[in-house]
Structure formats: structure tokens, C-alpha cells
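In what follows, residues are counted from 1 in the order of the sequence shown. Counting starts at 1 for both ligands and their atoms, in listed order. Values below: every heavy atom of this structure, side chains too, minus hydrogens, waters and symmetry copies.
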Amino acid sequence: MCGIYGYIGEKSVDEVMKGIKRLEYRGYDSAGIAFQNRERLCEDENTKNGENITLIKNKGEISNLEKIVLNKNLKSNVAIGHTRWATHGEPSIKNSHPHFSGDGKWAIVHNGIIENYLELKQELQTQTESDTDTEIVARLLEKYFNGDVLSTIKNVCHKLKGSYAFAIITSHSPDKIFVAKHGSPVVVGYGKSYGVVCSDINSIKGENIYVLENDQYAIIEKGKINIFDKNLVAIDVGKLGAVKKVERSKLGDYSHYMLKEIDEIPSAIRRTLKEYENIEALEKILPKEKFKKFKNILIIACGTAYHAGLVGKRLFEEEGIYCESEIASEFRYKPFIERRKTLAIFVSQSGETADTIGALKLCKQHGLKTLAITNVRNSSITFEADYCIYTNAGSEIGVASTKAYNCQLVIFYILSKYFNYFKTGDEKAYYDEIKNLKNIARLIKKNDIKSKCGYIAQKIYKSKSIYMIGRGLDYFIAAEAALKLKEISYIHCESYPAGELKHGTISLIDKNTYVFAFVTQEKIKDKTFSNINEVVAREGKIILFSQFDNSNKKVCEEIKVPLVKERYYPLFIINYLQLISYYTALLLGNNPDKPRSLAKSVTVE
Ligand code: AGP
């Protein structure tokens, strides 16, 4: 989703351009920059002058903006930039950020959504240039300016409903960037000769980094920052404690992050295991005395993380623990059933997903204890949850989640055995699980499947519609596989529980339809094979993934997968589907790292 980068110091325009490029992976459809500037530039549809501030914006890729900015050889010590993912108004130059106030004395970039912007627009009784909620805030700043910039920002923020991270520059107080946060992530930092603000902890460059909390404000200057609480009382930054900078991975010899991240799965799994390979390490984070009282589990997440939660649910059930699994955006708006002795688990790679965090807050309001499983240290969810475990997958840049998903599964494998240990006192099962998972990581590394996956991609890439079926754990593989394929190939792809197909969807199967079938669970394999026969009878083309011998010779392709314990197939087989999705996207000329309309971290509801 949208990204903010601001910089005070030499070559601030260049720094901001580099900063917003690092934010590209989060997904966007336009970009812009505002900087303090005493010269008036020649105005056109991309460039506008305010009072000692200039805006330059463009639609589409950052390179479109870069072409204009780099030509102008701009020199400024204060700049803010933005990548926009459209929510209010189409992707266009006028709707992209930054936005000016009517008098051109304020320029603002914003992540989040102002829910009461139409009411506020009426209060302003003024025409706006864009369709955005953000421009209203710029105009409110102008209207309510009381001589003091920070208190004006605070007063305006108090009028807003919704979520925001703002970076603001103003000719009333040049040489400063003002920041406000409520609900949307933002981090600030400084070094000897610069100050910096960014919406993404993975993308900020600099020392002394602080994660702003809700309703805090910051003033950034060259060489220092001041942070204030909701009443504008200054907070001693020494007491806040700077956070460790996160190392962002580099593309190296790879052409795409997605492929790099798929290749990193074995090492990512090993890193996840390393932190928890001693049961005592997990006990320190999730104290046995507190956790053994939980008899039920509720898992909540979105997208791929939700699919990891489905596997998690089944793993807990295998240990005899009642477990529900819910999509965050649905869970939040249905009647809340009070639950006792229940641990609520929230899964989020980014730790910033608005609906997942919203659901977490709701559960807390109802008195549930909450545990976050996330990949990003110091992400918003880590401040909200009572407990937190990290997946340690390393930074994931590709929009399509790959290694983070595998590591989420690893955490569920471990957690299910940790809960089993409360019931049985049996540590051995926990350590066996760690050993088995290490073996799976080894096997994934050894399993040379790229050319096979490329071959399957060749077969399917012209399809209009694809189905993925399985039962039990195999259905959860199908669910994640279908999401992966559709999000980067744009081919319509649906997952179905194999036994459910005949209740309607089978009418869509014909001789042009590929159906991926996953059959790895002994107990239900014959049932799924019968469903496969039903598809074949309708001339559907089956691509089978199984370790079992297949008596049905009519499948179109058969991928015989290596033998592993059945419970590990979701972790193992998804590797094939991640690669098939990747190669299919390439064949269709799509950039798998930046699929259309998608964002890496979904910070709107
Ligand atoms: C994954 O490939 C997707 N891009 C998406 O479904 C993602 O998993 C979802 O938006 C949840 O994100 P999170 O894990 O950061 O909360």
C-alpha cells in the first residue's frame, strides 16, 4: 500500500527518490514528491509551486516521476515523497500525493484513510483539486493555523476519524518535517547531518530509528528529532530506545525477489527453527504456566497467512485441541461470541495488515489473550499483541508471499507440539518435530524441481480458468496454491474441497480445464481419487501431485512427490506451486514481484 519517505539534509530530493524506490515493493500506482524550494519552477500538469514549496507528481511507475525530477537538477534540504495505492479517486496526477493546502503553504503525504472526510469537506465549504481524503487535511491545516505548527497539526488530527500517518512540510516552519501517527505505521530517525521519516521499517535508511506509537507526533530536523505524546508533552527519546535497523535483502544475481525468496525457503525454515529449537526458548516467550490454561485456539489472518492458519487449525486438532480459523475482515464484523480459556493467534507476515490488527484489538476488548506470529520485528502488531513469535524468514520483498508462508507453517508445527507438551509433559515429541522439520528443509533444498515446474507452467499458461482440489490438508495446499497462481498470473483459479466439486462447480469443468489435484493423505486418498475420476469423466485435465501410485492412468500430468510424513506435505508441496506460479507469470509477461493492483502490506480495511 501507500508509502511515505521524507528526508532533511543534503540532497534531500535524491534521498527521497531512493527512499520511495525502496518502498516500491509494497505496491503503488502513482508517486510524488514535495520539497522546500525558493525558486519557482516552470509549472505544468506534473509540477506546481506553492509558497517556497514545489510539488512534482506522476502516474504509474516511479521511473515516470524520476524522469521529470532528475531532469531538473533540484537542490533542497527538505523533501517528502509518497507512493500511492488508490483508495479515494482513480490513480491520476491530481490524486497522487503530496497535496497542497489552498494557500500552498502546507504540503502533506498520508497513509491510511480519513473516514469522515466528506463531513470535513462540508465544514470547509471549499473546492478541492483532487478526490482524495488527504487534501482535506491540508486545507484544514490552512484553515485552523494558530501560529504554532505542531499544535495546529494536533488540533486537526483531533477532528479526524480513521487512520493516518502524515508527513508534513510547511513554509510556516521550513527546515522541519512534522509527523503524526494514528493507526498507520511510521518510523523516524536521525544521524549527525540528517533526519528521516518512513512508513516502512524495512525501507528506512539511517541510524537512531524510533517506531512512533499511536497518537504520537514528531518534529524531524537535521541531526535531531523531537517526539511528543498526544498532549504534545515531549518524550525523552533516550527513554524510547532506538530499534535495531533491519537489513533489507538485495536481489543479487536474481531477476526477481520471488524466485530468490523461494530459493531461500530451506534456510528460512532453519532460521525459524533455530530460535525455538530448545523448548526452554519457547517457554521464555510463551510461559508454560500461563499457556497451559488455554484449552481452545482461535486463529485469525488474511490471505496467505489465513491459509497458514488453516493448516495450523488442523495441526492443533490433531493434538485434540479445539481450534477455529477465521478471515480477519469477516471476523471483525460478525457477532462476537464470548470464549473462555481461548488463546487468539494472529498471523501476519508484515505485521501491518489493518484487518488482522483490527481483529486483534477486538479480541483484546473482549478479554482474550493474544499471540502474534509475524515476520517483521517492531511492526505494529508486535506492539498490540500480548505475546509475539517471529517467523525469522528474513525480509520478504516479493508481493506474493512464499518463504514467510513456509515459516508460518513451521511455527504452527512447533506450537501444536508445544501445546501437546502441556497435556502430556512429553518433550520428546517436541524435539522430534524440530528434527523432522530440519529434514524437510533439507529435502526441499535437494528436490530439484525447477524444470518440472517450468514444464507445467508451459502447459497451463494459456488457460482461462484453473481449479485446484484436495481434501483435508490437501485442500489447504490447494487454497494457497490457487491464491499464488491467480495473484501473479491473473488466470482465474479457484480452490475447492475435492468432495464439494460435484455440488455445483463441476459444471464448469470441460476439456479445456486444468484441475490440479493434491492427494497426500492416506486416509482420504481413495475418496479424492474418486473425485479425480469424476473430473476426468468430464474431460477435465488433471495435474496430480501425490506420493501414492496412481491407478488412474488418465491424468494429464503426474508429479510423484518424495515420501515424507503426511503432516508435512503442506510445507513441502507448496514449493512446486510457488515455482509453477512464478514461471506462469513470466510466460505471460507479468512482473511476479509487483502484481497489478496488489500491495505487500494491506494497511486499509
Ligand atoms: C500473499 O501472497 C498475498 N500477497 C496476501 O494474501 C497476504 O498474505 C495478505 O495480504 C496478508 O498479509 P500479511 O501476512 O502481511 O498480514
Item checked: Geometric cation-pi criterion Arg332 and Phe336, 6.0 Å radius, 45° cone -> no

Pair Arg377-Asn392, side-chain donor/acceptor within less than 3.5 Å: yes

Per-atom filter on ligand 1: closer than 4.0 angstrom to a heavy atom of Val399 are 2 (O), 4 (N)

Atom 15 (O) of ligand 1 sits nearest the protein heavy atom Ser350 OG, 2.6 Å

When distances are taken from atom 9 (C) of ligand 1, the protein heavy atom at minimum range is Cys302 O, 3.7 Å

> Quick one: do Arg339 and Glu324 make a salt bridge, cutoff under 4.0 Å?
Replying inline: yes

Would Lys334 and Glu330 pass as an ion pair if we require N to O under 4.0 Å? no

If you compare Thr353, Leu483, Thr304 by their heavy atoms, the one closest to atom 8 (O) of ligand 1 turns out to be Thr304

| said: Centroid separation under 6.0 Å, is that true for the rings of Tyr467 and Tyr514? | reply: no

When distances are taken from atom 2 (O) of ligand 1, the protein heavy atom at minimum range is Glu487 OE2, 2.5 Å

If we number the atoms of ligand 1 from 1 as shown, the ones under 4.0 Å from a heavy atom of Val602 are 10 (O)

Atom 14 (O) of ligand 1 sits nearest the protein heavy atom Gln349 N, 2.7 Å

task = Would you check if the distance from the ring center of Tyr164 to the ring center of His110 is below 6.0 Å?
result = no

*Between the side chains of Asn375 and Gln408, is a donor N or O closer than 3.5 angstrom to an acceptor N or O?*
no

Within 4.0 Å of some non-hydrogen atom of Lys484, the atoms of ligand 1 are 1 (C), 2 (O)

Near Ser348 (heavy-atom distance under 4.0 Å), the atoms of ligand 1 are 13 (P), 14 (O), 15 (O), 16 (O)

Ligand 1 atoms nearer than 4.0 angstrom to some heavy atom of Ala400 are 2 (O)

Taking only non-hydrogen atoms of Ser401 and a 4.0 Å limit, the atoms of ligand 1 in range are 1 (C), 2 (O)

Under 4.0 Å from one or more heavy atoms of Ala305, ligand 1 contributes atoms 8 (O), 14 (O)

Q: Indicate the ring-plane relationship of Tyr387 and Phe291, choosing parallel, tilted or perpendicular according to the 30° and 60° boundaries.
A: perpendicular

